[in-house]
Every structure is written in structure tokens, then in C-alpha cells.
Amino acid sequence: NAGVTQTPKFQVLKTGQSMTLQCAQDMNHNSMYWYRQDPGMGLRLIYYSASEGTTDKGEVPNGYNVSRLNKREFSLRLESAAPSQTSVYFCASSRGIGNNSPLHFGNGTRLTVT
Amino acid sequence: LAKTTQPISMDSYEGQEVNITCSHNNIATNDYITWYQQFPSQGPRFIIQGYKTKVTNEVASLFIPADRKSSTLSLPRVSLSDTAVYYCLVGDGGATNKLIFGTGTLLAVQP
């Protein structure tokens with residue numbers, strides 16, 4: 001089992017460019033999440049998907065869109081990147097609803113917007 | 001949403017027992033408490049989860065008082081490799097998956 005796989009690992013964008021961060025899990029988990037972590041800071045929830053076909057906003061959804069493509073995959077799209085979106089992005093998955101099943105995290109995508 | 005409060009940082013020495021307390025005054029009746037560990041440049045990693053009283057695994061123990069408004073993560077005999085940020089997480093009663101992390105506690109273990 002690979003667990004949660006994120007691609008790419010690193011990315012540099014110019015302001016205004018767009019890109020999609022990919023996330024896939026092979027644990028047959030129902031729920032998936034996107035968090036961002038700025039240097040020296042905690043994790044902030046961007047969007048989450050409780051099950052295939054559903055997505056909901058987290059704490060900081062502005063400037064992002066998501067797609068739960070199927071049960072395995074949950075992508076995060078930046079339509080017009082801004083320097084404030086420079087961060088490390090973590091994808092996570094969990095088996096069930098709420099906090100009753102642990103989150104499994106990927107290794108992150110390090111994004112720099114110049 | 002239940003909010004968590006933890007100390008920003010703690011210092012310890014190798015071989016000591018470390019206790020990190022998390023406050024979650026508004027925890028929902030059916031919600032669990034979960035602790036994660038994060039090393040630099042890595043995603044958080046699950047350590048332990050509990051609902052009430054005491055839970056122990058090969059890595060840590062988790063103590064939860066009867067009122068469940070706080071919890072304490074106990075790391076026995078820490079080593080340098082335990083230097084990391086530790087987060088406690090509670091949900092919103094299982095109604096949604098809107099799982100919000102607090103600021104975490106940076107544990108620095110000295111030789």
C-alpha cells in the first residue's frame with residue numbers, strides 16, 4: 001500500500017498561472033481532505049470531501065476549487081495563483097465521518113508562487 | 001466547532017517523560033480525541049486516539065478525565081527523535097468532516 005500519494009512534490013508558479021494538485025489514496029477511504037501549512041504555522045483546512053460526489057468548504061477555501069474525481073482521487077485547483085498561496089499543501093484521507101477514524105496524510109506538495 | 005488549546009512549545013531532556021495537555025472545552029458527546037505528530041517537511045502522523053479514561057499503545061498513552069474537557073498525551077522516556085510538533089484534534093460531533101487543527105505544541109528534546 002502506498003497510502004496517500006501527492007503529485008507533484010514541488011512546483012513553482014508565476015502569479016496568475018493555474019495548476020492542479022493531485023492526490024490519490026489506495027486504502028478505500030471514504031473521506032478526503034486538503035490542508036495548507038504556511039512556514040512555522042499549523043494546518044488549515046481548505047476543502048474536504050466526506051464521500052465520493054460531495055465536497056465542502058473548510059476554513060480557507062477562497063482561491064481554490066476541488067474535484068472528488070472518484071473514491072480514490074481528490075484534486076485541488078488554483079485557477080489564478082497568488083503569492084499568498086505559497087505554502088505546503090497536504091492531502092489526507094480517513095475511513096469514516098468526523099474525527100472517529102484517523103487521518104492519513106501524504107508527504108505534501110511544496111508550492112511557491114512568484 | 002470544538003476548539004483546542006495547547007501550549008505553543010515545551011522543552012525536555014532525553015529519557016524524561018513528557019506530558020502535553022490539550023484543552024477542548026466544547027467537545028461533543030460522541031467525539032473522539034486524536035493526537036498527531038509532525039516532523040519538519042513531512043505530513044502529520046497518527047499517534048493515538050481515545051474517547052475516555054486511558055488508552056495506551058506502543059508509542060504513547062492518552063489520559064482523558066471524566067468530563068472530557070481536556071486530554072493529556074504522555075510520551076515515556078523521550079529521545080531526540082521525538083522532537084516534533086504534536087497536535088490534538090477533535091471534531092464537531094461527527095456531523096461533518098470539518099476537522100480543524102489547533103496550533104500544536106513544538107516539543108524540543110535536548111540531549
Side-chain angles (χ1 to χ4, degrees), chain A residues 2-6 9-10 21 23 25 27 29-52 54-61 66 68 74 87-110, chain B residues 1-9 22 24 26-52 55 57 59-60 62 64 68 71 84-106 108:
Chain A
V4 177
T5 302
Q6 294 183 235
K9 288 184 171 53
F10 301 92
L21 281 64
C23 175
Q25 52 90 10
M27 295 172 283
H29 283 172
N30 292 304
S31 303
M32 298 186 74
Y33 312 76
W34 278 104
Y35 289 89
R36 63 175 285 176
Q37 186 170 39
D38 299 336
M41 304 291 286
L43 297 143
R44 292 188 291 171
L45 180 64
I46 305 172
Y47 271 94
Y48 62 98
S49 169
S51 60
E52 187 178 352
T54 69
T55 61
D56 286 283
K57 295 179 180 179
E59 300 173 272
V60 289
V66 290
R68 183 74 184 267
F74 188 38
S87 192
V88 180
Y89 292 84
F90 289 104
C91 177
S93 70
S94 67
R95 180 171 43 83
I97 301 291
N99 189 33
N100 296 351
S101 50
L103 297 172
H104 296 254
F105 284 83
N107 286 327
T109 293
R110 282 145 189 82
Chain B
L1 293 175
K3 180 182 173 182
T4 60
T5 304
Q6 303 174 231
I8 296 294
S9 64
C22 179
H24 29 78
N26 297 320
I27 188 170
T29 302
N30 59 343
D31 212 355
Y32 280 70
I33 300 151
T34 312
W35 284 80
Y36 294 85
Q37 176 190 56
Q38 186 181 27
F39 297 115
S41 302
Q42 294 184 24
R45 182 173 71 110
F46 168 79
I47 303 175
I48 197 166
Q49 183 179 64
Y51 181 79
K52 62 180 179 180
V55 179
N57 62 20
V59 176
L62 179 58
I64 305 168
R68 300 194 342 111
S71 59
V85 178
Y86 293 83
Y87 295 95
C88 78
L89 179 67
V90 299
D92 64 349
T96 75
N97 282 48
K98 196 169 186 177
L99 301 179
I100 308 294
F101 280 83
T103 54
T105 298
L106 173 59

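Side-chain atoms are counted along with the backbone in the values below, which use heavy atoms only and exclude waters and symmetry mates. The sequence lines fix the lettering, A, B, ..., with proteins before strands; numbering per chain opens at 1.
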Apply ring-ring contact (aromatic ring centres under 6.0 Å, His included) to B:Phe101 and A:Tyr35, showing your working. CA-CA 10 Å; B:Phe101 280 83; A:Tyr35 289 89; 5.3 Å; yes
Residue pair A:Ser101 / B:Gln49: nearest heavy atoms and the distance that separates them: N-NE2, 4.0 Å
Shortest non-hydrogen separation from B:Gln42 to A:Phe90 and the atoms involved: O-CZ, 3.5 Å
Test side chain to side chain contact (heavy atoms under 4.5 Å, CB included) on A:Asn100 and B:Asp31; report intermediate values, then the result. CA-CA 7 Å; A:Asn100 296 351; B:Asp31 212 355; 3.8 Å; yes
Under 4.5 Å between any side-chain heavy atoms of B:Arg45 and A:His104, yes or no? no
What residue, out of A:Met41, A:Gln37, A:Gln6, has the most heavy-atom pairs lying under 4.5 Å from chain B?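 Among A:Met41, A:Gln37, A:Gln6, the one with the most close pairs to chain B is A:Gln37.
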What part of A:Leu45 gets closer than 4.5 Å to chain B, counting heavy atoms only: side chain, backbone, both or neither?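 Interface part for A:Leu45: side chain.
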Side chain, backbone, both or neither: which part of B:Leu106 has a non-hydrogen atom closer than 4.5 Å to chain A? neither
Separation between CG of B:Leu99 and OH of A:Tyr48, rounded to the nearest 0.5 Å: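 If we round to the nearest 0.5 Å, B:Leu99:CG and A:Tyr48:OH are 8.5 Å apart.
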Under 3.5 Å: donor-acceptor pair, side chain of B:Tyr36, backbone of A:Leu103: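 Confirmed, B:Tyr36 side chain pairs with A:Leu103 backbone.
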Quick check against the 3.5 Å criterion: does A:Arg110 have a side-chain atom that pairs as donor or acceptor with the backbone of B:Ser41?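 Looks like yes, one N/O pair under 3.5 Å.
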